[in-house]
Amino acid sequence: MADRKCLALIAHDQKKDDLAAFAKANEAVLSKWRIVATGTTGGRVLDVCPGLDIVKLKSGPLGGDQQIGALIATGDVNCLIFFVDPLTAMPHDVDVKALMRLAIVYDIPMALNRATAEQLIDFRRN
């Protein structure tokens with residue numbers, strides 16, 4: 001299992017249902033990945049895809065975004081899917097920006113919406 005690449009899943013509150021639906025639609029592809037997710041997002045995805053290999057970290061505002069950032073910095077995350085809600089103010093916006101900065105610095109593929117996530121999954125399907 002350690003030889004599988006690792007995918008991080010995160011979604012803002014208003015996008016958690018969208019990410020769960022995305023995961024359900026792509027469950028076969030996602031089953032090939034080790035997955036880390038922030039707490040509530042990981043729980044929501046596991047509700048619809050109980051067979052996926054998901055490690056739930058802390059909730060985003062409680063440090064989950066930073067935990068995923070640390071995994072990116074250590075080379076343990078190979079891809080990030082983060083369904084962002086651009087219309088709602090986030091009290092932990094600084095953490096979100098830091099996470100996205102790390103994904104850019106460490107040059108890992110990052111999708112911030114479903115359209116891009118679909119393309120990323122199609123590209124990484126093989």
Side-chain angles (χ1 to χ4, degrees):
M1 287 225 260
D3 59 337
R4 291 187 297 162
K5 292 196 177 211
C6 183
L7 170 67
L9 297 178
I10 307 171
H12 284 147
D13 288 344
Q14 299 301 317
K15 297 293 184 173
K16 289 186 190 317
D17 288 340
D18 292 341
L19 184 57
F22 166 81
K24 184 64 179 169
N26 292 284
E27 188 171 4
V29 175
L30 295 179
S31 69
K32 297 175 183 171
W33 292 80
R34 286 182 306 112
I35 299 171
V36 294
T38 50
T40 310
T41 299
R44 193 75 60 89
V45 172
L46 278 172
D47 286 344
V48 298
C49 304
L52 290 181
D53 177 14
I54 299 178
V55 173
K56 293 190 308 179
L57 304 173
K58 293 186 180 289
S59 171
L62 299 178
D65 296 333
Q66 292 180 342
Q67 285 179 298
I68 290 176
L71 291 170
I72 290 170
T74 58
D76 293 314
V77 167
N78 307 99
C79 187
L80 171 65
I81 294 177
F82 188 167
F83 281 15
V84 175
D85 177 8
L87 302 178
T88 303
M90 299 294 148
H92 64 293
D93 191 52
V94 171
D95 297 331
V96 171
K97 287 179 180 169
L99 172 65
M100 293 186 339
R101 185 178 319 108
L102 284 169
I104 294 165
V105 166
Y106 286 92
D107 200 25
I108 67 164
M110 174 176 51
L112 301 178
N113 60 30
R114 185 169 183 151
T116 308
E118 294 284 354
Q119 292 295 314
L120 188 60
I121 291 298
D122 282 344
F123 177 73
R124 299 261 172 196
R125 200 171 292 273
N126 297 325

Close side-chain approach of [X] and [Y], heavy atoms under 4.5 Å:
X   : Y   : result
K56 : L46 : yes
L71 : L57 : yes
F83 : T41 : no
E27 : L52 : yes
D13 : T88 : no
Q67 : V36 : no

Quiz item: Under the side-chain hydrogen bond (donor to acceptor under 3.5 Å, both in side chains) test, which residues partner R114, sequence neighbours left out?
Solution: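 With sequence neighbours excluded, R114 shows a side-chain hydrogen bond (donor to acceptor under 3.5 Å, both in side chains) to E118, given in chain and number order.
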
Practice problem: Considering non-hydrogen atoms only, spot the tightest contact between T116 and M110 and give its length. | Solution: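 So the two residues come closest at CG2-O, 4.3 Å.
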
Quiz prompt | D76 versus R34, closest heavy-atom pair with distance | solution =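 So the minimum-distance heavy-atom pair works out to O-NH2, 3.9 Å.
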
Practice problem: Would you kindly confirm whether L62 and V55 end up in one hydrophobic cluster when ILVMFWY residues are joined by side chain heavy atoms under 4.5 Å apart? | Solution: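 Looking at the clustering, V55 is in a separate group from L62.
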
Taking atom [atom1] of [X] and atom [atom2] of [Y], what is their separation to the nearest 0.5 Å?
X   : Y    : atom1 : atom2 : answer
T38 : K16  : OG1   : NZ    : 5.0 Å
I81 : I121 : CD1   : CD1   : 4.0 Å
L19 : N113 : CG    : CG    : 11.5 Å

Practice problem: Can you sort out the partners of A20 under side-chain contact (heavy atoms from CB on, under 4.5 Å), two or more places apart, ordered by chain and number? | Solution: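 Here the qualifying residues are R44, V48.
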
Quiz item: With sequence neighbours left out, what residues match A37 under side-chain contact (heavy atoms from CB on, under 4.5 Å)?
Solution: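 If we apply the side-chain contact (heavy atoms from CB on, under 4.5 Å) test to A37, skipping adjacent residues, the hits are L9, I54.
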
